[in-house]
**Student:** 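This is the structure I want to talk about, given as structure tokens.
First the proteins, then the strands, lettered A, B, ... as listed; each starts at 1.
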Amino acid sequence: MASDSCARVRFAPSPTGKLHIGGARTAIYNWAFARSMGGTFILRIDDTDPTRSTDENTRVILRAMRWLGLDWDEGPDVGGVCGPYRQTECLPLYREAAERLVAEGKAYYCFCSAEKLSQDHDAAVARKDPFQGYQRTCRALDPCDARARVDAGEPCTIRIKVPLDRGDVVVHDAVHGDVAFNAKELDDFIIFRSDGTPTYNFATVVDDARMGITHVIRGDDHLSNTPRQIMVYEALGAPAPTFAHISMILGADGKKLSKRHGATSVEEYRDQGFLSDAFVNYLALLGWSLDGETTIIPRAVLASRFSLEHVSKNPAIMDPEKLSWVQQQYVLAMDDTTFVTDILKPALAAAGLDDGSMHDDAWYALLAAILKPRTTMPHDAADKACFLYEGVEVALDEKSVAKNIAKEGVRSWLEAARDALAAVADDTWKADAINAALEPLPEVLGTGKRRFFGAVRVALCGNQVSPPLGESMELLGKDIVLARLERTLPLAG
RNA sequence: GGCCCGUUCGUCUAGCGGUUUAGGACAUCGCCCUCUCAAGGCGGAGAUCGCGGGUUCGAAUCCCGCACGGGCUACCA
């Protein structure tokens with residue numbers, strides 16, 4: 001537990017919606033960074049926007065984080081030495097910090113109305129002033145006068161006083177390098193609203209400073225706001241952390257990911273049946289690479305080898321096909337027992353086919369063995385196992401029947417198959433024996449294996465595509481197999 | 001308008017001045033295996049490294065312009 005690293009990182013979502021895949025990736029990077037550094041991973045809920053934040057969203061986000069397997073060391077539910085971890089529970093702290101800044105002359109009250117602000121802005125645009133921000137009107141107010149107006153109940157905000165002679169503010173960014181901004185372009189932005197709540201740029205910094213955050217890893221939509229936040233760190237007298245701004249995730253058309261691109265929330269992927277490990281694997285490698293070769297990266301490797309140096313700067317387009325491939329790799333790597341409990345049985349139950357107790361363990365194990373390489377999503381398994389649960393009257397696909405059964409001479413093949421299978425002793429009704437019984441038939445009947453087995457397949461499974469026949473028949477049981485062959489005979493030519 | 005960021009196969013990426021005829025993966029195509037479908041194996045095609053200038057014996061890699069895309073510029077986060 002003891003580590004020589006004091007890296008402290010945080011993932012601080014706003015509960016204004018579900019956890020998006022972009023947010024999930026940010027969370028993964030923070031988590032992986034903390035773990036690789038032997039540091040601390042903190043979960044904080046940035047809910048300073050009371051109109052858009054909800055407790056329900058917070059619950060959903062926490063649940064998604066747990067599903068992702070991103071365990072946090074400090075957070076709203078587990079506590080920690082730097083609590084509270086929910087910004088709405090820290091309101092007095094922000095107020096105190098803001099007032100201290102005013103007292104120290106590093107921030108000031110502003111009484112400008114919304115109309116005045118927009119007039120100033122319009123005027124700046126009209127005179128083609130490159131600076132269109134706040135004109136610092138109230139900065140010149142006498143502090144005592146301002147105090148009196150506040151006490152008299154006049155509505156006001158609190159603005160940070162950006163030092164005019166600050167020069168370049170440089171953001172030390174682990175993925176972009178040093179990024180310089182001229183402080184002259186920063187306006188005296190609001191840190192406290194007239195309704196008595198702090199703004200994001202202020203609350204985040206107060207919390208990050210208070211929690212001793214050493215690395216801020218977040219979306220690059222925050223990069224331009226970072227110099228403002230650095231002003232707050234400086235006013236607060238706190239050291240600024242190292243930043244790492246990661247790019248956005250885009251849809252197939254290169255536009256910002258939205259509903260029209262399909263699933264965007266973590267929960268939707270979970271509900272579709274994606275494995276958390278596969279999902280994390282895919283997202284981790286979307287915008288970060290271990291070595292340019294690795295495509296499958298176990299969680300433990302991610303947690304030990306992650307590095308900010310290999311995070312890419314440019315936005316990445318989400319590719320559902322590659323996600324599926326990664327998922328398939330994880331399914332393939334599962335042992336059969338896990339496949340049965342985690343994928344097969346839940347899928348059969350969800351499809352209403354089997355509550356999990358209709359057969360013995362060996363039966364499910366055999367089914368797992370033939371279905372696993374044919375399964376990416378759980379529903380694939382259910383779809384492919386469906387024909388095992390339909391009794392004698394399995395649904396026959398018309399086209400398959402027309403193509404494989406309703407042909408001259410097929411009736412004799414099916415009869416031959418039936419007779420050969422009937423001759424297999426009940427206690428040796430296994431895939432091997434079944435295959436051995438059918439194997440010689442095509443030659444004897446003077447036909448091709450493809451056509452012969454094609455006919456048998458349609459008769460037994462109702463379709464031209466099915467899992468391997470020997471195993472399928474073993475699972476079906478001798479009686480059903482013979483009955484299905486029998487009932488197909490009238491359709492054969 | 002101003003400021004900032006980004007730009008290597010269709011997609012995710014490797015690449016940090018010469019080892020590059022730009023490597024890997026997904027997707028795609030072909031072959032093999034094969035009772036179908038998968039899985040697996042092998043192979044092909046696919047990127048003049050956004051464009052234009054420089055610097056250098058040598059540039060995807062360094063510098064400068066431009067273009068395009070994105071972000072910030074809110075009493076949103």
Side-chain angles (χ1 to χ4, degrees), chain A residues 12-14 16 46-49 51-53 110 112 114 117 121 124-125 128-134 155-159 171 173 176 179-182 184-187 189-195 197-201 203-204 218-228 245 247-248 250 252 254-256 282 285-296 310 312-326 328 332 370-376 380 384 400 404 435 438-439 442 448-458 461 463-470:
Chain A
S14 291
T16 54
D46 280 11
D47 54 356
T48 47
D49 181 355
T51 58
R52 297 197 302 149
S53 301
C110 170
C112 295
L117 260 21
H121 177 265
V125 171
K128 296 200 158 83
D129 188 334
F131 181 82
Q132 298 175 357
Y134 179 61
C156 68
T157 59
I158 298 176
R159 314 190 84 114
V171 176
D173 192 291
H176 291 89
V179 183
F181 296 81
N182 193 314
K184 281 198 297 242
E185 283 138 17
L186 269 26
D187 63 357
F189 61 95
I190 292 172
I191 60 175
F192 232 81
R193 303 184 188 102
S194 54
D195 68 357
T197 60
T199 57
Y200 165 78
N201 279 138
T204 314
R218 69 203 340 176
D220 67 6
D221 47 338
H222 290 291
L223 181 54
S224 299
N225 270 154
T226 305
R228 286 171 237 281
H245 286 96
S247 64
M248 323 219 84
L250 308 175
K255 298 265 196 276
K256 189 145 63 175
Y282 173 73
L285 257 16
L286 187 68
W288 171 73
S289 72
L290 179 61
D291 52 15
E293 311 279 297
T294 304
T295 52
I296 297 301
H310 292 278
S312 66
K313 301 176 174 70
N314 46 314
I317 291 173
M318 158 87 188
D319 180 3
E321 297 208 75
K322 191 150 183 176
L323 203 213
S324 288
W325 178 80
V326 173
Q328 189 182 32
L332 246 19
I370 59 173
L371 251 29
K372 203 173 63 174
R374 277 162 257 262
T375 299
T376 296
D380 294 330
K384 291 182 162 54
S400 300
N404 299 273
N435 286 332
L438 295 180
E439 211 57 35
K449 283 180 157 185
R450 203 183 173 88
R451 284 191 289 171
F452 172 77
F453 285 105
V456 174
R457 165 169 290 106
V458 174
C461 311
N463 204 287
Q464 325 177 233
V465 176
S466 85
L469 278 176

**Student:** Does any donor atom in the side chain of A/Arg193 or A/Thr48 lie under 3.5 Å from an acceptor atom in the other side chain?
**Tutor:** no
**Student:** Looking at B/G2, does its base get a donor-acceptor pair with the side chain of A/Gln132 below 3.5 Å?
**Tutor:** no
**Student:** What is the pairing partner of B/A74, taking Watson-Crick or G-U wobble pairs with both distances under 3.5 Å in any strand?
**Tutor:** none
**Student:** What nucleotide, of B/A38, B/C3, B/G71, holds the atom closest to the side chain of A/Asp221?
**Tutor:** B/G71
**Student:** In terms of side-chain heavy atoms of A/Asp187, which of B/A74, B/C72, B/C35 is nearest?
**Tutor:** B/A74
**Student:** Is there a donor on the side chain of A/Lys322 or the base of B/A27 sitting less than 3.5 Å from an acceptor on the other?
**Tutor:** no
**Student:** Of the options B/A39, B/U73, B/G6, whose atoms approach the side-chain atoms of A/Gln328 most closely?
**Tutor:** B/A39
**Student:** Spell out yes or no: do the side chain of A/Ser194 and the base of B/C75 have one donor N/O and one acceptor N/O closer than 3.5 Å?
**Tutor:** yes
**Student:** Do A/Arg450 side-chain and B/C35 base share a donor-acceptor contact under 3.5 Å?
**Tutor:** no
**Student:** Looking only at side-chain N and O atoms, does A/Ser289 come under 4.0 Å of OP1 or OP2 in B/A14?
**Tutor:** yes
**Student:** Answer whether the closest heavy-atom distance between the side chains of A/Leu332 and A/Pro373 falls below 4.5 Å.
**Tutor:** yes
**Student:** Side-chain donor or acceptor of A/Asp319 under 3.5 Å from a matching atom on the base of B/A27?
**Tutor:** no
**Student:** Expressed as a whole number of angstroms, how long is the span from A/Leu186:CG to B/A74:P?
**Tutor:** 11 Å
**Student:** Is it true that the side chains of A/Asn201 and A/Thr199 contain a donor and an acceptor less than 3.5 Å apart?
**Tutor:** no
**Student:** Looking only at the side chain of A/Leu286 (C-beta and beyond, no hydrogens), which of the listed nucleotides B/C12, B/G15, B/C3 gets closest?
**Tutor:** B/C12
**Student:** For A/Ile317 and B/G6, give me the distance from atom CD1 to atom P, rounded to whole Å.
**Tutor:** 18 Å
**Student:** Where the side chain of A/Val465 is defined as all heavy atoms beyond and including C-beta, which of B/U36, B/C76, B/U11 is the nearest nucleotide?
**Tutor:** B/U36
**Student:** Which part of the nucleic acid does A/Lys313 contact within heavy-atom distance under 4.0 Å: base, sugar-phosphate only, or nothing?
**Tutor:** sugar-phosphate
**Student:** Any N or O donor-acceptor pair linking the side chain of A/Ser247 to the base of B/G6 at under 3.5 Å?
**Tutor:** no
